[in-house]
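One structure is given below, encoded as structure tokens.
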Amino acid sequence: MILTEKKLIRFIQENKIFLSEDRVLLALSGGPDSVYLLLFLLKNKNIWKLDISAAHFNHMLRSAADEDEEFCRSLCCKLDVPFFSTQKDVAKYAVQNNKSIEEAARILRYEYLDKLAVEHNFGKIITAHNKNDNTETVLFNLFKGTGFRGVTGIPIVRGNIVRPMLCLTKEEILESLSRNNASYKIDETNMLDNYDRNYIRHNIIPLVEQRLNPDLHESLFRFSKNIQQLADMMLQNLPEIINSYVSQQNSNRAISCDLVEYNSDLIVSEVLKSVLRECGLSRIESSTINRLINLFTQNTGTVIELKNNYVAIKNRNEIIITNNNYDIEYEYKITPGNEVFINELGIKIKIEKIIDGNVNFSDEYEIISAHNTNDIFILRNWIAGDKFIPLGMKGEKKISDFLTDEKIPANQKKQYPVLLNRNNIVYVVGLRIDNRYKFNKENNELYKIWISK
């Protein structure tokens with residue numbers, strides 16, 4: 001057995017990557033890394049008694065993409081390996097979802113692999129990342145600006161995804177393939193410098209190896225794994241910290257300002273990243289985290305925009321992360337005797353007209369005078385410039401100021417409802433009627449207004 005194989009077997013065993021009789025799915029691109037890993041696993045599968053299948057994802061980005069797919073199909077047929085494949089228009093998905101080609105490809109590829117794993121009961125998904133890939137990842141994250149996690153490199157195991165070849169360099173893999181006269185496909189786009197990782201691979205790493213450290217890949221691999229262990233130790237209580245400072249309000253997340261008061265920058269950054277990932281945001285840049293940290297000290301109502309139509313809003317003692325009910329406009333016509341459901345707010349409103357003036361007061365409804373009104377009410381969100389005279393006061397007050405005084409959360413203020421009649425606000429729903437429409441014993445005509453969820 002050659003040294004490269006022994007090294008790989010030892011790495012797999014030390015990291016407990018495979019269990020006995022694992023059903024595994026290898027992501028097979030047709031390139032040298034995944035081809036070498038397929039041949040290695042087949043040759044040594046009895047060590048772990050593996051049940052091996054392979055899957056190819058055709059990104060439809062290159063003229064040779066179909067040839068690569070067919071190469072993988074033929075190779076698996078020759079080796080008697082169950083084979084799966086699919087084709088997805090990555091470029092179209094990237095445009096539609098405002099993502100880079102690399103990110104779009106990664107998302108769709110892993111979605112496909114996860115789908116196969118569930119459908120066919122594969123316990124592990126195997127990718128063929130090597131030590132060079134780890135170097136590029138660490139440097140890429142470092143140059144772009146990263147937190148602690150960014151320099152931990154590519155994880156050996158994450159969930160059901162395992163990467164057994166992180167102990168091997170690209171050169172070791174190519175040498176082994178050459179020694180066994182194994183054929184594979186070359187992705188010509190890997191030769192282009194228009195992708196950031198390619199630029200690092202072709203221009204930066206060779207200079208560092210030549211001038212500073214010829215064993216750069218091994219050095220950064222050890223460094224990234226040491227940082228990973230340190231991060232795990234420092235962040236072992238992260239779930240408890242998140243539970244202490246983050247709450248869920250429907251689909252929104254609320255982060256207490258106490259988070260930055262009582263925790264280190266590292267903990268704060270990791271909590272914020274965790275919250276954003278829960279919201280489905282990926283590729284979280286350090287500039288985004290810095291903006292969120294600064295938001296904790298801003299005035300109530302300050303808003304910053306995030307990806308995927310999410311926003312972060314400063315609200316008194318917390319930050320709200322939301323993409324719901326923000327900047328939504330609505331307007332409903334309501335007449336007495338009819339019940340109307342307000343879709344945007346999830347509430348029902350019903351108005352009843354009383355002619356004889358006899359009424360019992362209750363917390364279940366509001367009563368207003370019908371003086372100077374008609375039977376057509378409009379319920380809408382308040383807009384800039386709206387004013388009314390709060391019950392018990394003589395002068396007008398802006399709705400925006402009134403809602404602030406009532407401590408309405410910033411993420412709810414924008415769409416807060418008001419009820420109008422003849423273009424006058426008669427009721428800030430659930431809070432206060434206009435003083436001009438208060439109950440008066442001399443009024444025989446009144447309105448009862450019910451609000452319910």
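Both backbone and side-chain heavy atoms feed into the values below; hydrogens, waters and symmetry mates do not. Numbering starts at 1 and runs along the sequence shown.
Distance check, rounded to the nearest 0.5 Å: OH of Tyr437 to OH of Tyr447 gives 10.5 Å. Once rounded to the nearest 0.5 Å, the distance linking CD1 of Ile267 with OG of Ser264 reads 4.5 Å. Asp33 contributes atom CG, which lies 9.5 Å from atom CG of Leu168 (distance to the nearest 0.5 angstrom). With values rounded to the nearest 0.5 angstrom, Ile161 atom CD1 is found 11.5 Å from Ile126 atom CD1. Atom-to-atom distance recorded for Ile156:CD1 and Asn15:CG is 4.0 Å, nearest 0.5 angstrom. To the nearest 0.5 Å, atoms CG (Asn421) and CD1 (Ile334) are separated by 11.0 Å.
A donor-acceptor contact shorter than 3.5 Å is absent between the side chain of Asp51 and the backbone of Arg23. No side-chain donor-acceptor contact under 3.5 Å links Asp375 to the backbone of Thr335. Between the side chain of Asp133 and the main chain of Asn130, a donor-acceptor pair closer than 3.5 Å is present. In terms of modelled atom types and a separation under 3.5 Å, the side chain of Lys398 and the main chain of Lys387 share no donor-acceptor contact. A donor-acceptor contact shorter than 3.5 Å is absent between the side chain of Ser274 and the backbone of Val271. For the pair Asn58 (side chain) and Thr86 (backbone), a donor-acceptor distance under 3.5 Å is absent. Of the possible donor and acceptor atoms, none in the side chain of Arg380 sits under 3.5 Å from a partner among the backbone N and O of Pro417. For Asp89 (side chain) and Lys92 (main-chain N/O), a donor-acceptor pair under 3.5 Å exists by modelled atom type. When atom types are taken as modelled, the side chain of Lys353 and the backbone of Pro336 share no donor-acceptor pair closer than 3.5 angstrom. Judged purely by atom type and a 3.5 angstrom limit, Tyr112 has no side-chain atom pairing as donor or acceptor with the backbone of Phe57.
Residue-environment remark: CD (Glu364) stays at or below the threshold of 12 foreign heavy atoms within 6.0 Å. Sparse packing is recorded around CG of Asp265, with 12 or fewer heavy atoms of other residues, nucleotides or ligands lying under 6.0 Å away. Environment of CD in Glu305: sparse, with no more than 12 heavy atoms of neighbouring residues, nucleotides or ligands closer than 6.0 Å. Around NZ of Lys88, the count of heavy atoms belonging to other residues, nucleotides or ligands within 6.0 Å does not exceed 12. Counted within 6.0 Å of CG on Asn243, heavy atoms from surrounding residues, nucleotides or ligands total more than 12; the atom is thus considered enclosed. When the shell of 6.0 Å around NZ of Lys307 is examined, it contains more than 12 heavy atoms from other residues, nucleotides or ligands.
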Step-by-step side-chain contact (heavy atoms from CB on, under 4.5 Å) determination, Val418 to Val429 | CA-CA 6 Å; Val418 292; Val429 175; 5.8 Å; no
Audit row: Ser369, His371, side-chain hydrogen bond (donor to acceptor under 3.5 Å, both in side chains) steps and yes/no | CA-CA 5 Å; Ser369 168; His371 183 63; 5.7 Å; no
Could you walk me through whether Phe388 and Tyr427 pass ring-ring contact (aromatic ring centres under 6.0 Å, His included), step by step?
-> CA-CA 9 Å; Phe388 83 131; Tyr427 184 28; 9.4 Å; no
Verdict with supporting geometry, Gln87 and Glu69, side-chain hydrogen bond (donor to acceptor under 3.5 Å, both in side chains) | CA-CA 9 Å; Gln87 297 183 356; Glu69 182 179 350; 3.0 Å; yes
Asn252 vs Thr322, side-chain hydrogen bond (donor to acceptor under 3.5 Å, both in side chains): CA-CA, chis, key distance, verdict = CA-CA 5 Å; Asn252 304 330; Thr322 181; 2.5 Å; yes
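Shown here are the salt bridge (charged side-chain N to carboxylate O under 4.0 Å, His left out) partners of Asp232, two or more places apart in sequence or in another chain: Arg149. With sequence neighbours excluded, the residues satisfying salt bridge (charged side-chain N to carboxylate O under 4.0 Å, His left out) with Lys397 are Asp405.
Between Ser34 and Ala27, the shortest heavy-atom distance links the atoms CB-O, 3.6 Å. The two residues Ile12 and Pro164 have their closest heavy-atom pair at CG1-CB, 3.7 Å. Closest heavy-atom contact between Gly392 and Asn435: N-OD1, 2.8 Å. Of all non-hydrogen atoms in Asn160 and Gly123, the two that sit nearest each other are CB-O, 3.6 Å. Here the closest heavy-atom approach between residue Pro239 and residue Leu235 is recorded as CD-O, 4.4 Å. In this structure, Val90 and Ala105 approach most closely via the heavy-atom pair CG1-N, 3.6 Å.
Taking the side chain as every heavy atom from C-beta outward, Thr127 and Tyr110 approach each other to under 4.5 Å. At least one side-chain heavy atom of Leu166 sits less than 4.5 Å from a side-chain heavy atom of His129. Side-chain atoms of Ile368 and Thr373, non-hydrogen and from C-beta on, never get closer than 4.5 Å to each other. Within the 4.5 Å cutoff, the side chain of Ile304 has heavy atoms near those of the Leu292 side chain. A 4.5 Å side-chain heavy-atom check between Ile125 and Val162 finds every atom pair outside the cut-off. Side-chain atoms of Leu276 and Tyr310, non-hydrogen and from C-beta on, never get closer than 4.5 Å to each other. Using a 4.5 Å heavy-atom threshold, the side chains of Ser256 and Val246 count as separate. Counting heavy atoms from C-beta on, the side chains of Leu431 and Leu403 come closer than 4.5 Å.
Applying side chain to side chain contact (heavy atoms under 4.5 Å, CB included) to Ile389 and the options Arg436, Arg432, Lys394 leaves one that passes, Arg436.
For Arg201 and Asp193, the salt-bridge test fails: no basic side-chain N is under 4.0 Å from an acidic carboxylate O. Between Glu278 and Arg253, at least one side-chain nitrogen of the basic residue sits less than 4.0 Å from a carboxylate oxygen of the acidic one, meeting the salt-bridge criterion. A salt bridge links Lys115 with Glu119; the closest basic N to acidic carboxylate O contact falls under 4.0 Å.
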Taking distance alone, no hydrogens or angles, what donor-acceptor pairs closer than 3.5 Å link side-chain atoms of residues 217-224 to residues at least two apart or in another chain?
from, atom 1, to, atom 2, distance (Å)
His217, ND1, Thr135, OG1, 2.8
His217, NE2, Asn132, ND2, 3.3
His217, NE2, Glu209, OE2, 3.2
Glu218, OE1, Lys131, NZ, 2.3
Glu218, OE2, Arg222, NH1, 3.4
Ser219, OG, Asn213, ND2, 2.9
Ser219, OG, Asp215, O, 3.1
Ser224, OG, Asn134, ND2, 3.2
Ser224, OG, Leu220, O, 3.1
Ser224, OG, Phe221, O, 2.9

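Taking the ring centroids of Tyr245 and Tyr262, they lie at or beyond the 6.0 Å cut-off. Between Trp450 and Tyr365, the gap from one ring centroid to the other is short of 6.0 Å.
Between Phe84 and His120, the ring planes lie tilted relative to each other; the angle falls in the 30° to 60° range.
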